[in-house]
Amino acid sequence: QVQLVESGGGSVQAGGSLRLSCAASGYIYSGNVCMGWFREAPGKEREGIANIYIGNTYSYYADSVRGRFTISQDNAKNTVYLQMNTLKPEDTAMYYCAARRLNIGNCGFEKNDYNYWGQGTQVTVSS
């Protein structure tokens with residue numbers, strides 16, 4: 001049974017930093033897997049913001065977070081991180097970790113391609 005568990009959310013002032021963690025269990029964390037971070041703000045659609053291909057650590061970011069957020073992995077812990085710096089009020093959202101298997105191509109941010117999801121962790125940035 002695959003399980004993704006996020007942690008690290010919280011409240012922070014604008015300009016601050018947070019690091020989210022996503023711990024994976026079950027038969028999912030392997031070389032041909034994409035791990036993605038998505039977020040969903042009230043009244044908005046869930047959007048992909050960062051992903052990483054476990055096999056080669058290639059990562060990709062949405063324009064809204066590029067240069068401020070960094071996705072990384074710790075294979076020994078089956079964990080993916082999202083370091084978020086220079087946070088803005090518009091970063092306030094529920095953040096979700098997701099996983100999909102991929103043998104060829106790009107991870108992408110299509111929600112329907114991701115088969116496994118965590119329960120989410122709330123990030124609130126105040127001005």
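In this chain, numbering begins with 1 at the start of the sequence shown.
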Count the heavy atoms belonging to other residues, nucleotides or ligands that lie under 6.0 Å from CD of Gln13, then report whether that count exceeds 12.
-> no
From CD (Gln83) to CG (Leu20), nearest 0.5 Å | 9.0 Å
Is the closest side-chain heavy-atom distance between Leu82 and Ile49 below 4.5 Å?
-> yes
For residues 117-127, please give each side-chain donor-acceptor pair under 3.5 Å, one per line with the distance, not counting sequence neighbours.
unit_1 : atom_1 : unit_2 : atom_2 : d
Trp117 : NE1    : Tyr114 : O      : 3.1
Gln119 : NE2    : Glu6   : O      : 3.3
Gln119 : NE2    : Glu6   : OE1    : 3.4
Thr121 : OG1    : Gly9   : N      : 3.1
Gln122 : NE2    : Ala93  : O      : 3.3
Gln122 : NE2    : Thr124 : OG1    : 3.4

Interatomic distance, Ile71 atom CD1 to Ser59 atom OG [nearest 0.5 angstrom] = 7.0 Å
Among the clusters formed by ILVMFWY side chains lying less than 4.5 Å apart, do Met35 and Leu102 turn up in the same one?
-> no
Side-chain touch Val80/Trp37, heavy atoms, less than 4.5 angstrom | yes
Please state whether the rings of Phe109 and Tyr60 are parallel, tilted or perpendicular, taking 30° and 60° as the class boundaries.
-> tilted
For Asp113, salt bridge (charged side-chain N to carboxylate O under 4.0 Å, His left out) partners two or more places apart = Arg100
Distance (rounded to the nearest 0.5 Å) between Glu47 CD and Glu40 CD = 10.0 Å
Indicate, with yes or no, if Ile52 and Leu4 share a hydrophobic cluster defined by side-chain heavy-atom contacts under 4.5 Å among Ile, Leu, Val, Met, Phe, Trp and Tyr.
-> yes
Do Glu45 and Phe38 touch side chain to side chain, with heavy atoms closer than 4.5 Å?
-> no
Is the shortest heavy-atom distance from the side chain of Tyr61 to the side chain of Asn51 under 4.5 Å?
-> no
Looking only at atom types and distance, does a side-chain atom of Asp74 sit under 3.5 Å from a main-chain N or O of Ala76, one as donor and one as acceptor?
-> yes
In chain order, what residues pass the salt bridge (charged side-chain N to carboxylate O under 4.0 Å, His left out) check against Arg68, with sequence neighbours excluded?
-> Asp91
What distance separates Gln73 CD from Ile54 CD1, expressed to the nearest 0.5 Å?
-> 4.0 Å
Considering only heavy atoms from C-beta outward, does the side chain of Leu87 approach that of Phe69 to under 4.5 Å?
-> yes
Give a yes or no on whether Asn32 atom CG has more than 12 heavy-atom contacts from other residues, nucleotides or ligands under 6.0 Å away.
-> yes
